[in-house]
Protein chains: 2
Amino acid sequence: MSDARSAPVYGGESLLFLTDEQLRQGIEAMFFAYRGFTADPDRILAEMAYGRAHHRAIHFINRAPGTTVNNLLSILGVTKQSLNRVLRTLIADGLVESRVGTVDKRERHLFLTDAGRALETKLSDAQRARMRAAYKDAGPEAVAGFKQVLEAMMDTSMQRSYRNLKDGPT
Amino acid sequence: MSDARSAPVYGGESLLFLTDEQLRQGIEAMFFAYRGFTADPDRILAEMAYGRAHHRAIHFINRAPGTTVNNLLSILGVTKQSLNRVLRTLIADGLVESRVGTVDKRERHLFLTDAGRALETKLSDAQRARMRAAYKDAGPEAVAGFKQVLEAMMDTSMQRSYRNLKDGPT
DNA sequence: CAGTTTATGTCAGTCTTGTTGACATTCCAA
DNA sequence: TTGGAATGTCAACAAGACTGACATAAACTG
């Protein structure tokens, strides 16, 4: 499995793209690209007292307004205690509003305030600008491949979250 | 710039893939995929007293044996204090060897020991297995697009690091 | 050779963000 | 109605990032 010479086998098509060296390059590409991916919002967040965790919470609350803490938890993949600390500061700072559920009073439904939406836009704009440049640079076919590989890299539970957000819950 | 209706403009080809919604999907895909990307090594590392920082150091030392601390620093993009803490434990645990430079005695050249290489292989295998599955699933054309977009997402300094590792230093 | 720069390492302190444990509230079903 | 399950909160702690200050040794420069 870790054979550096892992034989490029030929079936219907060349499998040279599955050599360990190719895979290693993909791993390094992911590493470096993710740094670029987060760099711009990180710069903005650093000026305020916020971090990447705040960005993620804001992003997904914006994406699915009224979502519950539990739902957000499963999307973000952190513990509720960790998320709660972030939410507490966002609520205290008036960026997020937490409303007690009407049908189930244990649940809290989360919404961005106007100020929260303003920050979301600022962060999103920065991140999308880089994304747009990369997309434009690579072209639509490359983008299709990009998404295809990323989706195949996810756990099935994440694929479900991803598709739910993409297509809307069924 | 944050106009959700950002006009799909038509030039020589459709630019529908550059809508804010498409970019947002790409952002979320990166987020979820990166979790999958790190999940397997993280599980292994958690069993030992190590974290993702140790993995990164081990990966790049393996990739460029004899590299100096400073060089590793610029690849990883962390502070020397942060890297030093990680290296200290890896050296103490006998996974990494630090040799004083022969031509410049200020420099320390870093190498994996046999034990270090063994761990590297274990971590790499896990990560490559997922990568291989994703690649196989998506096919060679998608993989080409995947790499193209990732590379376009990097800062130029990271692109340089990435290409150096890929093609070997000129 | 003296002074400056470079490469590395260390100590101390802080911040973000993850963790576990304990607990309060609410809902639901036996 | 009572006990368990679900939801969310608070407290304490750990990993790993950061900055700043400083020490040492070697290399370079004028």
Side-chain angles (χ1 to χ4, degrees), chain A residues 31 34-35 38-39 41-61 66-93 96-111 123, chain B residues 31 34-35 38-39 41-59 61 66-93 96-111:
Chain A
F31 171 71
Y34 199 78
R35 282 243 301 281
T38 57
D42 279 358
R43 254 191 298 278
I44 296 171
L45 291 157
E47 292 169 16
M48 337 176 94
Y50 295 139
R52 212 174 282 175
H54 299 85
H55 183 193
R56 292 199 279 257
I58 288 174
H59 175 100
F60 287 109
I61 293 172
T67 188
T68 62
V69 172
N70 230 9
N71 183 39
L72 199 51
L73 233 45
S74 71
I75 289 175
L76 295 176
V78 298
T79 59
K80 60 181 175 175
Q81 294 86 337
S82 192
L83 174 59
N84 190 255
R85 182 164 7 83
V86 168
L87 284 180
R88 213 186 318 162
T89 70
L90 290 175
I91 291 168
D93 295 352
V96 167
E97 193 191 346
S98 166
R99 297 185 206 151
V100 174
T102 48
V103 9
D104 187 334
K105 287 181 193 162
R106 290 173 303 182
E107 295 181 339
R108 304 298 141 96
H109 298 275
L110 303 168
F111 300 87
L123 294 169
Chain B
F31 170 69
Y34 198 77
R35 281 242 302 281
T38 56
D42 279 358
R43 255 191 299 276
I44 297 171
L45 290 157
E47 291 168 15
M48 337 177 93
Y50 295 140
R52 211 175 284 174
H54 299 85
H55 182 196
R56 292 198 280 257
I58 288 174
H59 174 101
I61 292 173
T67 187
T68 62
V69 173
N70 235 5
N71 184 39
L72 199 52
L73 233 43
S74 71
I75 289 175
L76 295 177
V78 297
T79 59
K80 62 177 175 178
Q81 294 88 336
S82 196
L83 175 59
N84 191 254
R85 180 162 16 83
V86 168
L87 282 180
R88 215 185 315 162
T89 69
L90 290 175
I91 291 168
D93 295 352
V96 167
E97 192 191 346
S98 165
R99 295 186 207 150
V100 174
T102 47
V103 3
D104 186 335
K105 288 180 195 162
R106 290 172 304 180
E107 295 181 340
R108 307 298 145 93
H109 298 275
L110 302 169
F111 300 87

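Each chain gets a letter, A, B and so on, in the order its sequence line appears, and its residues count up from 1.
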Show every donor-acceptor pair shorter than 3.5 Å between a side-chain atom in residues 44-52 of chain B and any protein atom, with sequence neighbours excluded, or say none if there are none.
residue: B/Y50; atom: OH; partner: B/D93; partner atom: OD2; Å: 2.3
residue: B/R52; atom: NE; partner: B/D42; partner atom: OD1; Å: 3.4
residue: B/R52; atom: NE; partner: B/D42; partner atom: OD2; Å: 3.3
residue: B/R52; atom: NH2; partner: B/T38; partner atom: OG1; Å: 3.4
residue: B/R52; atom: NH2; partner: B/D42; partner atom: OD2; Å: 2.6

Under a 4.5 Å cut-off applied to non-hydrogen side-chain atoms, are B/T68 and B/H109 in contact? yes

Hey, does A/H55 reach any base, or is it just sugar-phosphate, or nothing, if we go heavy atoms under 4.0 Å? nothing

I'd like to know whether B/V100 forms a side-chain contact (heavy atoms from CB on, under 4.5 Å) with B/R108, so could you lay out the CA-CA distance, the side-chain angles of the two residues, the decisive distance to 0.1 Å, and finally the verdict. CA-CA 5 Å; B/V100 174; B/R108 307 298 145 93; 4.0 Å; yes

Anything under 4.0 Å to a heavy atom of chain B counts; send over the first and last such nucleotide of DNA chain C, read 5' to 3'. C/dT6 to C/dC11

Contact letters for nucleotides 18-30 of chain D, in which S counts primed atoms plus P, OP1 and OP2 and B counts the base, heavy atoms under 4.0 Å: SBBB---BBS---

From A/I75, A/L76, A/N70, residue fulfilling side chain to side chain contact (heavy atoms under 4.5 Å, CB included) relative to A/L83: A/L76

Here the gap from B/L110 atom CG to B/I91 atom CD1, rounded to the nearest 0.5 Å, amounts to 6.5 Å

Separation between CG (B/L87) and NE2 (B/H54), nearest 0.5 Å, reads 9.0 Å

Taking all non-hydrogen atoms of both residues, which atom of A/S74 and which atom of B/R35 are closest, and how far apart? O-NH2, 4.4 Å

Hey, which sits more toward the 5' end of DNA chain C by its nearest nucleotide, A/G51 or B/L87? B/L87

Quick one: A/R52 CZ to D/dA17 P, roughly how many Å, whole number? 11 Å

Mutual orientation of the aromatic rings belonging to A/Y34 and B/Y34 [parallel < 30°, tilted 30-60°, perpendicular > 60°]: parallel

Interatomic distance, B/M48 CE vs D/dA14 P [rounded to whole Å]: 21 Å

